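Chain naming here is simple, since letters A, B, ... match the order of the sequence lines and numbering starts at 1 in each. A quick note: this is a predicted structure, and the numbers were derived from the prediction, not measured.
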Amino acid sequence: MWMDTKAAMEGASRSRASLSRRVLNGLLLCTGDMEHLDKYMQDKLFVLQLAVWGLRGVTRVILANNPLSGALILAALYWASPWQGLLGTLGVLASTFTAVIIGQDSAEVSGGLHGFNGMLVSLLMGVFSSAGDWYWWLLLPVCLGSAACVFLFSGLSSVLDRWDLPVSVYPFNIIIVLYLLCTGQDNPYFPHHPATLPGTLEPNSTGLIVGEVMRGISLGVGQIFACGALGPSLLILGAVLLYSPLLAVHALLGSAVGTLAGLSMAVRHDSLYSGLSGFNGALGCMAVGGLFFTFSWRTHLFAIASAFLSAYADIALTNLLGTVGLPACSWAATLIVTLMLLQTSSLAAYRIPTGQVMAPEHNLHSRSQWEAGNTAERESTDV
Amino acid sequence: MWMDTKAAMEGASRSRASLSRRVLNGLLLCTGDMEHLDKYMQDKLFVLQLAVWGLRGVTRVILANNPLSGALILAALYWASPWQGLLGTLGVLASTFTAVIIGQDSAEVSGGLHGFNGMLVSLLMGVFSSAGDWYWWLLLPVCLGSAACVFLFSGLSSVLDRWDLPVSVYPFNIIIVLYLLCTGQDNPYFPHHPATLPGTLEPNSTGLIVGEVMRGISLGVGQIFACGALGPSLLILGAVLLYSPLLAVHALLGSAVGTLAGLSMAVRHDSLYSGLSGFNGALGCMAVGGLFFTFSWRTHLFAIASAFLSAYADIALTNLLGTVGLPACSWAATLIVTLMLLQTSSLAAYRIPTGQVMAPEHNLHSRSQWEAGNTAERESTDV
Amino acid sequence: MWMDTKAAMEGASRSRASLSRRVLNGLLLCTGDMEHLDKYMQDKLFVLQLAVWGLRGVTRVILANNPLSGALILAALYWASPWQGLLGTLGVLASTFTAVIIGQDSAEVSGGLHGFNGMLVSLLMGVFSSAGDWYWWLLLPVCLGSAACVFLFSGLSSVLDRWDLPVSVYPFNIIIVLYLLCTGQDNPYFPHHPATLPGTLEPNSTGLIVGEVMRGISLGVGQIFACGALGPSLLILGAVLLYSPLLAVHALLGSAVGTLAGLSMAVRHDSLYSGLSGFNGALGCMAVGGLFFTFSWRTHLFAIASAFLSAYADIALTNLLGTVGLPACSWAATLIVTLMLLQTSSLAAYRIPTGQVMAPEHNLHSRSQWEAGNTAERESTDV
């Protein structure tokens, strides 16, 4: 009887364990790069495939690559503002579709590499437009701008490939600057806000509110998608967490570093509270800490250095471009990450070839496996 | 008798046909790249050779390469303004001569590649000078600026060769911007007009005149040589037609696209009427439609896309550089053509290696020959 | 007796000759690149090694590489202003130390290649600071800016290596521009002077004083280290003379050419008198005349052309960057020297591979040896 109970209990705990293992496995299937999905999607409808490519594109903005995270992020954008959500969806679809039409490499298209620049262009066009929400004429530049990103991506990749550098968000940064310059502030068809609002130069009169600064650090993650609301920002952070916890930690860390850099340069409090000081730091920190380099304590320190450099460069570029009424977008982080990928110092040893970059945890795993293999081999040859 | 008459008529028609064929052959000898002239010129006087190199250089500005077209264009410039004609002649000679002295590759020199940047620099120096015509001191910067173009051409070609890119008009764009920055507006020796005239920012008060817009489209071709008169512009278009009808069609098409882009962004009417809105579009369209890519319907569509991108980029750069009083010159078209040459998409299949670029008709012919050869070969192996 | 006297005299003159030869040899050991010192220092204390690396770094600013010259230059800087001397010392040590920590190539570190950019950044931070001397908070950006130079050096070298180009002072120019942009004029922690002082645009009312211009030419050499006093400038020139007389001659020549270019463009007299017009010309002239190219009459002419180009480009960039309150630093000379190194013309035949560049006299010697060897070989094969 006792034996039976014990056996039953063992059986129950075993089945519980197997259930929880199954749940865990199911969860694990949804994290990381979800490569298994690609095989499953191969013979599906084109519309479904386009949706998956688009969702991958959405996450590429925040250096992730996971369709479920993409769905979460899109949900966050629609939550923050349905109009912005619509623009983002249109942008990612327009540029992915253009890439299909002009015959870009299909592996790049299905990896979402031709979607994220178009999405960012569309979101920023919406944010800077002073014509208000649901101004339907805006869809014209949104579609054209997103399509133009594909041309820039293709052209820049030919140049950057020589140094095995990713194109990252250069096309977005170029196209949005050209669009804002093209339309100008008083354009009768596509008016937009200037980047620096009136009263920028007046000094900070009131004291700093610590709670607001903390909130700003979380908002820094959302500002990567030009989203300034707390709830959606946390949801975006959750989407990153789903893809890779390491990346999420670095996102918050980078945003904090960016805020610190902003404090040391006495930037306006608005900029700290809204998360605009943090997002370049976050991007710079995420790219170096785990994504393009295998994670280690050394890489971690370089990631913090990268976050500081990105944040200071962002302040400098904001001041420079502000003189002609332009925003600095993510120029700073993009340039600094490119610089970090070009390093010849001890950092180069941790570099993962651009074509093999996956989720940080996966990178770490494949490296440790490879090193274990090396050690085993060495031991066997020692004997 | 009837037979005789018929025979006589046949003989007459044959001789007429042979005459017209001879005339046609003579005309055909004057079109395209006129390579046969190079052999003929080999043992002629240096001064004559320099003249031919210079005339080839003149046409290089408008992406052609034909000494007769060059003579026509020079005539058009002298017609528009003798002073500008003189400056252009001096510029092309000064830079070609500098290239000979500092020992540039002789094939490049005889192809006119070292003349066109110098010519453009000289013409623009003349246009922007506010000291009036026949201000002889201007010849000093004209000669020095033209000579400096050779250094830039040589240096940039080392960099761009890695991607098989042509240097095109980068040296001109750099030198003219540096010259205008160097002298400034109130220079006592070399005063010049600011790029944006006073009253730029006042809105268009009157309606658009369609006839003027049509005229502006034709002027767009002349504005490539900074020439704003209708007659000379049409003569320049004729010179392009002599080199290659395809190129001439794309020039007009590009200019029209540029004007359309200008309308969509509500640029000043002056800019539409003077052809300044069109010339970057024209250059972008000509380069892609037939010159650097084999002509086909696909390339034609890409040429239109290139014209739109060039035109919008030109508006953006004009607004940016206007804030410091500088003109955008042909930066937009030059950058967009470089981008198009770097494409990895289906456009890359039509790319002609930079060293083998000739008149569009010739490119088309050599490709169809090559393809016919391939087909014949395939057929013969099939049997 | 007479014989004895003669023998004694001969002996005396022989011993005098041997003494003077020994002195000369001792002096010669102190000139040029002093490679023998490296062997001697190999097993010394790290602090001593760091000092030598730092001193080499100090001279790298002025395109030399000699620890004794470095000591002289440091002395000159302390003489001109102890605070600036301290900042310079700190900068060179901070960046060299950073390079050691992040694991840069040890040959580069011991050659002083990671010191000179940091030193320049520190000196310029000190010069532009409006908080006065001995403002200790400035040491924070000085250390961080110097450290950041190492990252830029490493990243840029990966790119420029493809064309065998030296990184030269690009990192300094980038970091100082970013720092000035970052802090802005009214920064509460790190205030700085604007680059263009009030009253820049008022015309030169008084006549030119020739003596002052002559003084300005000598100051041009000191301005490479942002030092505007005559005595220290002459000491710095002496330090260059110790490294290589050819380089010193080209420094003065280039400074004179720069002043001439300034006169032709009617720049403010202040700028001529203070040596600011000359230092870009000096750098451009030194780099081409003997350092990166074997010295010859042809190279000498190219060096003068390079000096003119650098000087004019400097005026243009000063006018451009002045609109946003930034200095042009040594952007002009750096860009023009890069352009000269990329030339494909007859200048390319004199190019010394970047890794083998040493003192001009040494370059000349090794080339003539190599040519003599070639001639001897040819003669022997002729027989």
Nearest 0.5 Å please: distance from the CD atom of A:Gln343 over to the CZ atom of C:Phe153. 11.5 Å
Let's test your reading of the structure: which of A:Leu165, A:Leu339, A:Ile315 forms the most heavy-atom pairs below 4.5 Å with chain C? A:Leu339
Just verifying a value: how many Å separate C:Asp161 CG and A:Trp163 CH2, rounded to the nearest 0.5 Å? 10.5 Å
Less than 4.5 Å apart, side chain to side chain, heavy atoms only: is that true for A:Asn319 and C:Cys182? no
Relative to chain C, which segment of A:Arg162 carries a heavy atom at a distance below 4.5 Å: side chain, backbone, both, or neither? both
Side chain of C:Ser158, backbone of A:Leu342: donor and acceptor closer than 3.5 Å? yes
Side chain of C:Asn187, backbone of A:Ala266: donor and acceptor closer than 3.5 Å? no
In terms of heavy-atom proximity below 4.5 Å to chain C, should A:Thr338 be classed as side chain, backbone, both, or neither? neither
Can you find a side-chain donor-acceptor pair between A:Ser345 and C:Ser154 that sits under 3.5 Å? no
Region of C:Val177 in contact with chain A, defined by heavy-atom distances below 4.5 Å: neither
Which bit of C:Ile101 comes within less than 4.5 Å of chain A, counting heavy atoms only: side chain, backbone, both or neither? backbone
With a sphere of 6.0 Å drawn around OH of A:Tyr179, does it hold more than 12 non-hydrogen atoms of other residues, nucleotides or ligands? yes
If you measure from CG on A:Leu347 to CD on C:Gln104, what distance do you get to the nearest 0.5 Å? 10.0 Å
From C:Phe151 atom CZ to A:Leu309 atom CG, the distance as rounded to the nearest 0.5 Å: 6.5 Å
Taking the side chain as everything from C-beta on, heavy atoms only, tell me whether A:Phe302 gets closer than 4.5 Å to C:Ile102. yes
With a 4.5 Å heavy-atom cut-off (strictly below), which parts of residues 131-141 of chain C touch chain A? List them by number. none
